[in-house]
2 protein chains.
Amino acid sequence: MQKEHNLSKNQKIIFDLIDKSGEPMKAYSILFNVQKKGIKAPLQVYRALDKLVEIGKIHKIESRNAFIACQNSSCQVSKATAFSICESCENVSEISNSKLSKYLSNFSDDSGMKYSKYNLEFFGLCKRCKSK
Amino acid sequence: MQKEHNLSKNQKIIFDLIDKSGEPMKAYSILFNVQKKGIKAPLQVYRALDKLVEIGKIHKIESRNAFIACQNSSCQVSKATAFSICESCENVSEISNSKLSKYLSNFSDDSGMKYSKYNLEFFGLCKRCKSK
DNA sequence: TTATAAATGTTATATTATTACATAACGTTA
DNA sequence: TAACGTTATGTAATAATATAACATTTATAA
Ligand SMILES: [Zn+2]
Ligand SMILES: [Zn+2]
Ligand SMILES: [Zn+2]
Ligand SMILES: [Zn+2]
């Protein structure tokens, strides 16, 4: 069961935009798109993004400096994220694979470190781009 | 067997610096440290970094925008990287675990995508920081 | 040698993200 | 409701990260 978070005004505007776009969006592209709604400064965007990441509504694609809406409806996994990224068309999708997430969540090595969080990014060619 | 790459002058200066530091270094900190060796501009640093990443001598820690020397002596894994990152002291080390790398290299899902590369970053508290 | 690719040097600029400070709105509980 | 602490907002300035464009030089190899 996911905790309900009441998004603030700016958070809602920015989440809706990212969610509707369906693809990773960059901070300044978000800024450009929400200026007509009164959000004028980078910091307003970054603050909303920080919060949305924190509560798991969006994730940051680190290799792309971009943000995508969480695609796992029942997302306990804001701390356990995996993505596939097409290096040709830049399509990104969130991997939802319980075996993978179990394997990684339970992973431990001999370093004595307890892992509480991970982010995995796979790269390759998507079906469409492969067949070109 | 890893291919020998003859590093160019700038590549060697920058690799040696990163390698000796033993920890992730940021591009502009690298720049500052090599200015006395005649490397004056960001682009000179970024070009060397790009090449060193390409040939697997260093890796980029995406979540930190920093670069660390490869810690796997026999590194075929420039396209299959895993790191553990302490969120308290920011210590980073490269995970060398053949089960993990096999599991991830062979991973496939029903998306029809063939993954040729991955990067995994684990977060948590290292032994030292845990016991504080 | 001659051509090709790889690397370098330099200036300017683009992109991504944070600091600092002031104010306003919200949620809790006395 | 009043007071308090927390969260969110507004705004300006600036820091940090990364690339574009162009000229030149050096290495590799046919
Ligand atoms: Zn998610
Ligand atoms: Zn594609
Ligand atoms: Zn390595
Ligand atoms: Zn630590």
J.: Does the side chain of A:I13 come within less than 4.5 Å of A:L17's, by heavy atoms?
T.: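 Side-chain contact under 4.5 Å: no.
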J.: If you count heavy atoms of other groups shown closer than 6.0 angstrom to NZ of A:K130, is the number above 12?
T.: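 Enclosed: over 12 neighbouring heavy atoms sit under 6.0 Å from NZ of A:K130.
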J.: Looking only at side-chain atoms of B:R47, point me to the closest of C:dT8, D:dT9, D:dA20.
T.: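 It is C:dT8.
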J.: Please report whether the ring centroid of B:F123 lies less than 6.0 Å from that of A:Y118.
T.: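 A:Y118 vs B:F123: aromatic centres not under 6.0 Å.
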J.: Can you identify which nucleotide, out of C:dA17, C:dT8, C:dT10, has its nearest atom closest to the B:K9 side chain?
T.: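 From the listed options, C:dT8 comes nearest.
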J.: What about B:Y28, does its side chain sit under 3.5 Å from the base of D:dA18 through a donor-acceptor pair?
T.: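 Side chain to base: pair found, below 3.5 Å.
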J.: Is any NZ, NE, NH1 or NH2 atom of the basic residue among A:E87 and B:K117 found under 4.0 Å from an Asp or Glu carboxylate oxygen of the other?
T.: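 Salt bridge: yes.
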J.: Can you tell me the distance, in whole Å, between the CD1 atom of B:I39 and the C1' atom of C:dT10?
T.: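 Value for this atom pair: 14 Å.
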J.: To the nearest 0.5 Å, what is the distance between CD on A:E23 and CZ on A:R64?
T.: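 Interatomic distance, A:E23 CD to A:R64 CZ, rounded to 0.5 Å: 13.5 Å.
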J.: Rounded to whole angstroms, how far apart are CD1 on B:I61 and P on D:dT17?
T.: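 Atom CD1 in B:I61 sits about 15 Å away from atom P in D:dT17.
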J.: Atom CG of A:L52 and atom C1' of D:dA8: how far apart are they, to the nearest Å?
T.: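 For the pair A:L52 CG and D:dA8 C1', the rounded distance is 13 Å.
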J.: NA contact type, A:K60, heavy-atom cut-off 4.0 Å: base, sugar-phosphate, or nothing?
T.: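 Result for A:K60 = sugar-phosphate.
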J.: Of all the choices, D:dT19, C:dT8, C:dA20, which nucleotide is nearest to the side chain of A:L43 once you look at every atom?
T.: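 That would be C:dA20.
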J.: Tell me whether the side-chain N/O atoms of B:K40 come closer than 4.0 Å to OP1 or OP2 in C:dG9.
T.: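 Checking B:K40 against C:dG9: no side-chain N or O falls below 4.0 Å of OP1 or OP2.
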J.: Is there a side-chain polar atom (N or O) of A:S8 under 4.0 Å from OP1 or OP2 of C:dA25?
T.: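 The answer is no; no side-chain N or O of A:S8 sits under 4.0 Å from OP1 or OP2.
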J.: Whole Å only: how far is the CZ atom of A:F32 from the P atom of C:dT16?
T.: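 Atom CZ in A:F32 sits about 15 Å away from atom P in C:dT16.
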J.: The side chain of A:N10 is closest to which nucleotide in this list: C:dT18, C:dT8, D:dT9?
T.: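 Selected nucleotide (nearest to the side chain): D:dT9.
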J.: Looking at A:N65, I'd like to know whether one of its side-chain N or O atoms comes within less than 4.0 Å of OP1 or OP2 on C:dA17.
T.: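 So the side chain of A:N65 is within the cut-off, an N or O lying under 4.0 Å from OP1 or OP2 of C:dA17.
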J.: For the residue pair A:F122 and A:F83, is the inter-centroid distance of their aromatic rings smaller than 6.0 Å?
T.: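 For A:F122 and A:F83, the ring centres are not under 6.0 Å apart.
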J.: Rounded to whole Å, how long is the line connecting atom CD1 of A:I55 with atom P of D:dT7?
T.: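 Nearest whole value for this atom pair: 13 Å.
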J.: State which of D:dT11, C:dT16, D:dA8 makes the closest approach to the side chain of A:Y46.
T.: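 That would be C:dT16.
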J.: Let me know the distance between CG of B:L31 and P of D:dT19, rounded to the nearest Å.
T.: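 Nearest whole value for this atom pair: 15 Å.
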J.: Considering only side-chain heavy atoms of A:Q44, which listed nucleotide, D:dA18, D:dT11, C:dT18, is closest?
T.: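 For A:Q44, the side-chain atoms sit closest to D:dT11.
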J.: Tell me whether the side-chain N/O atoms of B:K26 come closer than 4.0 Å to OP1 or OP2 in D:dT17.
T.: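 So the side-chain polar atoms of B:K26 do come within 4.0 Å of the phosphate oxygens OP1 or OP2 of D:dT17, strictly under.
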J.: Take A:F67 and B:K51, find for each the nucleotide of DNA chain C with the closest heavy atom, and name the residue whose nucleotide sits nearer the 5' end.
T.: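 With A:F67 and B:K51 compared, the 5'-side residue is B:K51.
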J.: Can you tell me the distance, in whole Å, between the CD atom of B:Q11 and the C1' atom of C:dA7?
T.: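 Value for this atom pair: 7 Å.
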J.: Measure from CD1 on A:I14 to C1' on C:dA17 and round the result to the nearest Å.
T.: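 So the two atoms are 14 Å apart, to the nearest Å.
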